[in-house]
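Quick note: numbers below take in every heavy atom, side chains included, and nothing from hydrogens, waters or symmetry partners.
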Amino acid sequence: MAISDTVRTRFAPSPTGYVHVGGLRTALYNYLFAKKHGGKFILRIEDTDQTRLVPGAAENIENVLEWAGLIPDESPRRGGDFGPYTQSQRLHLYKHYCEQLIAEKKAYYCFSTPEELEEVRKLQQKQGLQPKYNRKWLPESMGGSMPESKIKEALDSGIPKVVRMKVPDGITIKVHDVIRGTVEFDSAVVDDQVLLKADGFPTYHLAVVVDDYLMKITHVIRGEEWLSSTPKHVLLYEFFGWEKPVYAHVPLLLNPDRTKLSKRQGDVAVEDYIKKGFSRDALINFVALLGWNPGSGSEQEIFTLEELHEQFSLEHVGKSGAIFNLEKLSWIEKEHIRRKSDKELANLIRPILSDALKTRQTELPIETIMSEDYLIAVAREMKERVHFIHEFVTFSSYFFFEPETYEEEAVKKRWKENTNALLLAFSAQLEALPAFTASEIESALKSFCESKGIKTAEMVHPIRLAVSGASFGPSLFHMLEILGKDAVCRRIKRATERLKAEPTTA
RNA sequence: GGCCCCAUCGACUAGUGGUUAGGUCACUUCCCUUUCAAGGAAGCGGGACGAGUUCGAAUCUCGUUGGGGUCACCA
C-alpha cells in the first residue's frame with residue numbers, strides 16, 4: 001500500500017438522471033480528502049449501461065458539482081491527462097484487458113442466454129441455494145467441463161457471448177477498508193461475474209478496476225452498498241497484478257424509517273433542495289456532518305467548504321447510516337445566512353427581488369428598493385429572522401410591496417375604537433419630523449403616547465400592522481426608517497381607510 | 001434465505017477501561033423584549049439485550065435481537 005504518488009480520488013456516478021444527495025456527500029468526501037492531501041479530484045462518468053442512459057444527465061452531474069463548489073480537477077468537461085473520462089469512450093481498453101485475462105485463463109467466454117440463466121437462478125432459489133452461475137461454459141482447461149472444441153465452435157458461429165471472471169475456489173478474499181477494517185469473504189460466495197457484456201460494454205466491475213488503475217486512483221471512497229462486490233474488484237487487481245487502491249466505504253444515508261434514502265419518502269435529488277432554496281454552503285455543511293465529525297475537542301457545527309478542507313479526515317467518518325433530517329438542514333441554512341455580511345446578502349436578494357418585480361407592482365420607487373443601501377438595511381434587520389434567502393422577499397415582502405391584507409387575528413386584537421384617529425394624528429406628526437430616523441420616530445411616539453395618556457403598545461402594534469400587514473417582524477422603528485416617511489404615512493392612511501369598518505370587535 | 005456491515009438521547013453525534021455519559025437540532029419552561037426572531041438560563045431525553053474478561057466496562061470478547069446492504073449481461 002505504498003502510495004507515493006499524489007492522492008487521487010474520484011466521483012464516478014452513472015448518468016441516470018438527477019444527483020442523489022448521498023452522491024453529493026460521496027463526491028464531497030472524495031473532494032475533501034483529495035484537497036486535504038494536496039491531491040486531485042476526478043469526475044468520471046460511468047455510462048456502461050446503454051439501457052439506462054438519460055440524455056443530459058452527465059452534463060447535469062457536472063453542473064451540480066460546480067454549483068456545490070466541488071470542481072473536479074479532471075472531468076469530461078475539463079479534460080485531463082488520463083481521459084477520456086466517459087467510460088463509453090474507453091471500450092477498447094476494457095476489451096484489451098479482458099482479452100489479457102482470457103489469455104491468462106483468468107476469465108472465459110460464456111454463451112448462456114439470459115433466459116437460460118434466469119431458469120438456473122429460479123431453480124437454485126427453489127432449492128434454497130445461492131443464485132450463482134453454474135459454470136456451464138467453464139473450459140476443461142480451467143477446471144470446467146466444456147470441451148475447447150465446443151467453445152471454438154460457438155465462437156466461430158458468432159452467437160452472442162459474454163466474458164466472465166473465473167473466481168478461484170476455496171480461497172479467502174480480504175478487503176482492507178479504512179472505515180471498517182479488514183473484511184473477509186469466502187470465494188465460494190463470489191459469483192463468476194460478467195466482465196464484458198454481449199453488447200461489448202464492460203460491467204461496472206471491470207470498468208471500475210481498469211479505470212481506477214489507469215487513472216491512478218489512490219483512494220476509492222464510495223457508498224457502503226459497494227462493499228459486498230469489492231471482493232470481485234480485489235480479485236481483478238490481483239489477476240492483473242496491480243496495486244490496489246485504499247478503500248473507504250462510507251455509511252448510507254437513510255429515510256426517517258431507517259431504510260435506504262429513497263425517492264418515495266421525500267426529496268433525494270440535489271436539484272430538489274436547490275429548488276427549495278437551500279444554499280450550497282448549507283447543503284454541503286449538512287451532508288458533511290452526516291457520517292463525519294471534526295473529532296473530539298471540537299463542537300463546531302457550522303463549516304464552510306474551506307474549513308471542511310482543513311479538518312476533514314477519513315478517521316472521523318462513522319460506520320452507521322444516518323437519517324437525513326430536514327430540520328437540522330434548515331437550521332444550518334439559517335446559520336449560514338446569519339454569518340454572511342449584509343452586503344453579501346444584499347447581492348443575493350437583488351435577483352430574487354428583481355424576479356418578484358416581474359409579477360408584482362410596487363408603490364415604492366424601484367431605484368430605491370433595488371439599491372444596495374436599501375437591501376443592506378433590509379438584510380441587517382431580517383437576517384436573524386429568515387431561514388432562506390428568498391424569505392427576505394416573501395417573509396418580509398412589506399419592505400418592497402404595500403400590504404394587501406392585514407392579519408385578521410391581530411387586527412381584532414389591536415384595533416380599538418379610537419385607533420384610526422390616533423394613527424392619523426401620529427401620522428401628521430411624522431410628516432413634520434425633520435429627520436426620519438429610528439430614534440427620532442421612537443421619541444416622537446413616546447411623547448405622542450404620553451400626551452394622549454396611552455401606552456406605547458397601543459400605537460406600536462397598530463402601526464406595525466398598518467405598515468406591514470403583519471403582527472411580527474423586525475424592530476418597528478428601524479423598519480419605519482428604512483421604508484421612509486412617504487411610504488409609512490401613505491400606508492398608515494391606506495390602512496385607516498381599509499380597516500375603518502372593523503372596530504366593533506374592540 | 002446465504003454472505004457482509006451496523007447498533008450512545010426522537011434526529012446528528014463526542015467518547016477508544018475509571019466521565020455526575022458531553023454537544024447540536026427538535027421539544028418544554030423561565031429571563032430579556034412593542035411583535036417575531038436572536039440571545040441568556042434551565043429542563044426533557046440515551047450506550048438494544050444477555051453473558052464473559054476486569055478491581056472497574058458505552059468502550060474488549062462471545063451470543064441473541066434488531067436494522068441495513070448485497071446476491072443482474074444495473075450502477
Side-chain angles (χ1 to χ4, degrees), chain A residues 12-16 46-49 51-52 110 112-114 117-118 121 125 128-133 160-164 175 177 179-181 183-186 188-191 193-199 201-205 207-208 223-231 249 251-252 254 256-260 286 289-302 316 318-332 334 338 381-387 395-396 410 414 442 445 455-461 463-465 468 470-477:
Chain A
S14 59
T16 53
E46 310 226 325
D47 59 342
T48 56
D49 185 354
T51 65
R52 294 209 310 168
C110 164
S112 297
T113 64
L117 293 171
E118 187 55 35
R121 232 189 319 269
Q125 273 168 343
L129 296 169
Q130 186 201 357
K132 248 179 107 176
Y133 179 55
K161 62 175 186 299
V162 303
V163 175
R164 286 179 184 274
V175 174
D177 184 290
I179 294 172
R180 286 152 215 289
V183 184
E184 300 190 349
F185 296 84
D186 188 326
V189 305
V190 182
D191 203 0
Q193 183 60 234
V194 170
L195 263 19
L196 208 60
K197 301 185 255 186
D199 63 2
F201 278 72
T203 58
Y204 171 83
H205 308 284
V208 77
E224 193 189 345
E225 70 265 31
W226 292 109
L227 185 56
S228 47
S229 50
T230 307
H249 287 92
L252 263 17
L254 271 25
D257 69 355
R258 295 219 155 262
T259 54
K260 190 175 168 182
F286 175 59
L289 255 18
L290 254 26
W292 172 85
N293 69 79
S296 60
S298 172
E299 276 168 2
Q300 187 175 352
E301 301 265 349
I302 303 300
H316 286 111
K319 297 178 182 178
S320 46
I323 293 174
F324 192 92
N325 181 264
L326 225 33
E327 280 173 342
K328 186 122 185 194
L329 208 207
S330 295
W331 174 75
I332 290 175
K334 186 171 182 164
R338 292 185 64 188
E381 289 308 311
M382 292 305 297
K383 67 195 290 187
E384 301 215 321
R385 294 162 224 268
V386 298
H387 287 84
F395 193 65
S396 53
R414 306 293 185 186
E442 181 166 6
L445 184 71
K455 286 191 281 188
T456 49
E458 283 183 61
M459 287 300 285
V460 163
H461 296 291
I463 293 171
R464 178 186 295 285
L465 270 166
S468 74
S471 65
F472 55 88
S475 155
L476 177 67
F477 303 112

Base versus backbone protein contacts along nucleotides 42-48 of chain B [heavy-atom cut-off under 4.0 Å; B, S, -]: -------

Counting primed atoms, P, OP1 and OP2 as sugar-phosphate and everything else as base, the B/S/- map of nucleotides 28-38 of chain B against protein heavy atoms under 4.0 Å is ------BBBBS

How does protein reach along nucleotides 66-75 of chain B, written 5' to 3' as B (base within reach of a heavy atom under 4.0 Å), S (only sugar-phosphate), or - (no contact)? -SSSSSSBBB

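Taking only side-chain nitrogens and oxygens, N293(A) never comes nearer than 4.0 Å to OP1 or OP2 of U13(B).
In this structure, A37(B) makes no Watson-Crick or G-U wobble pair, since no nucleotide meets both defining distances under 3.5 angstrom. Of all nucleotides present, none satisfies the Watson-Crick or G-U wobble test against A21(B) with each distance under 3.5 Å. Base pairing annotation: A48(B) forms a Watson-Crick or G-U wobble pair with U64(B), both donor-acceptor distances under 3.5 Å. In this structure, G2(B) and U70(B) make a Watson-Crick or G-U wobble pair, each of the two defining distances being under 3.5 angstrom.
When the ring pair (Phe, Tyr, Trp, His ring centres under 6.0 Å) test is applied to W226(A), the partners found at least two apart in sequence or on another chain are Y204(A). Partners of H205(A) by ring pair (Phe, Tyr, Trp, His ring centres under 6.0 Å), not counting sequence neighbours, listed by chain and number: H233(A).
Judged by closest nucleotide on RNA chain B, L290(A) is the one of W331(A) and L290(A) placed further toward the 5' end.
Atom CH2 of W292(A) and atom C1' of A14(B) are 13 Å apart (whole Å). In this structure, the CG atom of L326(A) is 14 Å from the P atom of C12(B), given to the nearest Å. For the pair L329(A) CG and A26(B) P, the computed distance is 12 Å after rounding to whole Å. Look at NZ on K383(A): it is 13 Å from P on G39(B), rounded to the nearest Å. I323(A) places its CD1 atom 11 Å from the P atom of G10(B), with the value rounded to the nearest Å. As rounded to whole Å, 15 Å separates atom P of U13(B) from atom CD1 of I302(A). Counting to the nearest Å, the C1' atom of C12(B) and the NE2 atom of H316(A) are 16 Å from each other.
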Salt bridge (charged side-chain N to carboxylate O under 4.0 Å, His left out) for E118(A) and R121(A)? Distances and angles first, verdict last. CA-CA 5 Å; E118(A) 187 55 35; R121(A) 232 189 319 269; 3.2 Å; yes

Could you walk me through whether I302(A) and W331(A) satisfy the side-chain contact (heavy atoms from CB on, under 4.5 Å) test, starting with their C-alpha distance in whole Å, then the side-chain angles of each, then the deciding distance to 0.1 Å, before giving a yes or no? CA-CA 10 Å; I302(A) 303 300; W331(A) 174 75; 4.0 Å; yes

Distances for protein N/O vs nucleotides 21-23 of chain B N/O pairs under 3.5 angstrom?
residue: G23(B); atom: O4'; partner: E299(A); partner atom: OE2; Å: 3.3

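The residue Q125(A) sits apart from the nucleic acid: no heavy atom pair falls under 4.0 Å. Contacts of G318(A) with the nucleic acid, taken as non-hydrogen atoms under 4.0 Å apart, are absent.
A heavy-atom distance below 4.5 Å is not found between the side chains of E46(A) and P202(A). Residues E301(A) and K328(A) form a side-chain contact, since some pair of their non-hydrogen atoms from C-beta on lies under 4.5 Å apart.
Taking every heavy atom of both residues into account, L290(A) and I323(A) meet most closely at CD1-O, 4.0 Å.
To the nearest 0.5 angstrom, K383(A) atom NZ is 13.0 Å from K334(A) atom NZ.
Under the 90° criterion around 0 for the glycosidic angle, G47(B) counts as syn.
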